[in-house]
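Taking it in order: structure first as structure tokens, then the write-up.
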Amino acid sequence: MSVGKDTLIRILLADDNPAVRRYLRGLLEQQEGWRVCDEASDGAEAVRRFEHGHHDLIVLDFQMPEMNGLEAARQIIRESPDTPILMVTLYLSKQLSVEAQKAGIKGTCPKTHISCVVDAVSALLREETYFPN
């Protein structure tokens, strides 16, 4: 994804915890040209919002009600394989990172080191992957 100086990056943010969504929105929107244009509180809502919106990138929690982040990502990737997805989770493990990669997710980030989200999103926008463990 080539990102020009005047390009607005539209981000869909999905997490079941409103406080985490607020924190991530603030963190992401501190970056010039990044805007969280839509939010979802569960995986099924993330899929619906993606289908009805225009998003350049998705930041998706793993453990959510209705549908977890891995299954939501699979559905979104079937529809739009080029949309980069970053999965954030408290429960990041090597096994989960492998499953995320198999599903087509481009990066994972532990919530215990949430500041890595900016680095991870930057990597995905450069069409790189981000799997720190």
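The structure displayed is predicted, hence computed values, not measured ones.
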Checklist line | Nearest-0.5 Å distance that lies between atom CZ in R74 and atom CZ in R78 | finding: 8.5 Å
Next item on the list: I would like to know whether R48 and E45 meet salt bridge (Lys or Arg N to Asp or Glu O under 4.0 Å); could you show each step before the answer?
Entry: CA-CA 5 Å; R48 285 191 306 276; E45 182 183 6; 5.2 Å; no
Next item on the list: Mind listing the closest non-hydrogen atom pair of P84 and D56 along with its distance?
Entry: CD-O, 3.2 Å
Note to self: So L24 and V117, do their side chains get closer than 4.5 Å, heavy atoms only?
What the structure shows: yes
Notebook entry, point to check: When rounded to the nearest 0.5 angstrom, what is the spacing between CG in L28 and CH2 in W34?
Noted result: 6.5 Å
Next item on the list: Check the hydrophobic clustering (I, L, V, M, F, W, Y; side-chain heavy atoms under 4.5 Å; chains of links allowed) and say if L86 and I9 are grouped together.
Entry: yes
Check: Judged by atom type as modelled, is there a donor-acceptor pair below 3.5 Å linking the side chain of R25 to the main-chain atoms of V36?
Finding: yes
Checklist line | Nearest-0.5 Å distance that lies between atom OH in Y130 and atom CG in D119 | finding: 5.0 Å
Notebook entry, point to check: P18 versus S41: any side-chain heavy-atom pair under 4.5 Å?
Noted result: no
Next item on the list: Quick one: pull up CZ in R10 and CG in D38 and give me the separation to the nearest 0.5 Å.
Entry: 11.5 Å
Item checked: Single-linkage hydrophobic cluster, 4.5 Å side-chain cutoff, V20 and V121 together -> yes
Notebook entry, point to check: Of the non-hydrogen atoms in E66 and A44, which two are nearest, and what is the gap between them?
Noted result: CB-CB, 4.0 Å
Margin query: Checking R21 now: which residues fulfil side chain to side chain donor-acceptor pair (under 3.5 Å) with it, not counting sequence neighbours?
Written below: E39
Next item on the list: Report whether F50 and L70 are members of the same hydrophobic cluster (ILVMFWY, side-chain heavy atoms less than 4.5 Å apart, transitive linking).
Entry: yes
Note to self: Count I, L, V, M, F, W, Y as connected when their side-chain heavy atoms are under 4.5 Å apart, and connections chain through other members. Are Y23 and L57 then in the same cluster?
What the structure shows: yes
Next item on the list: Kindly indicate, with the supporting measurements, whether the criterion side chain to side chain contact (heavy atoms under 4.5 Å, CB included) is fulfilled by I85 and I77.
Entry: CA-CA 9 Å; I85 299 175; I77 289 165; 3.8 Å; yes
Checklist line | Check: I76 main-chain N/O paired with S80 side-chain donor or acceptor under 3.5 Å | finding: no
Check: Going from CG on D61 to CE on M87, what distance comes out if it is rounded to the nearest 0.5 angstrom?
Finding: 8.5 Å
Margin query: F62 and side-chain contact (heavy atoms from CB on, under 4.5 Å): which single residue from L96, L92, D15, L90 fits?
Written below: L96
Note to self: So which atom in D42 and which in P65 form the shortest heavy-atom distance, rounded to 0.1 Å?
What the structure shows: CB-O, 3.1 Å
Check: Nearest heavy-atom pair of Q63 and D16: which atoms, and what distance?
Finding: O-OD1, 3.4 Å
Notebook entry, point to check: In Å and rounded to the nearest 0.5 Å, what is the OG1 to NE2 distance from T83 to H54?
Noted result: 12.0 Å
Next item on the list: Identify the heavy atoms of H55 and C37 that sit nearest to each other, and give their distance.
Entry: CD2-SG, 3.6 Å
Note to self: In the structure I gave you, are the side-chain heavy atoms of I11 and V59 within less than 4.5 Å of one another anywhere?
What the structure shows: yes
Next item on the list: Compare every heavy atom of L60 with every heavy atom of A46, then report the nearest pair and how far apart it is.
Entry: CB-CD1, 4.1 Å
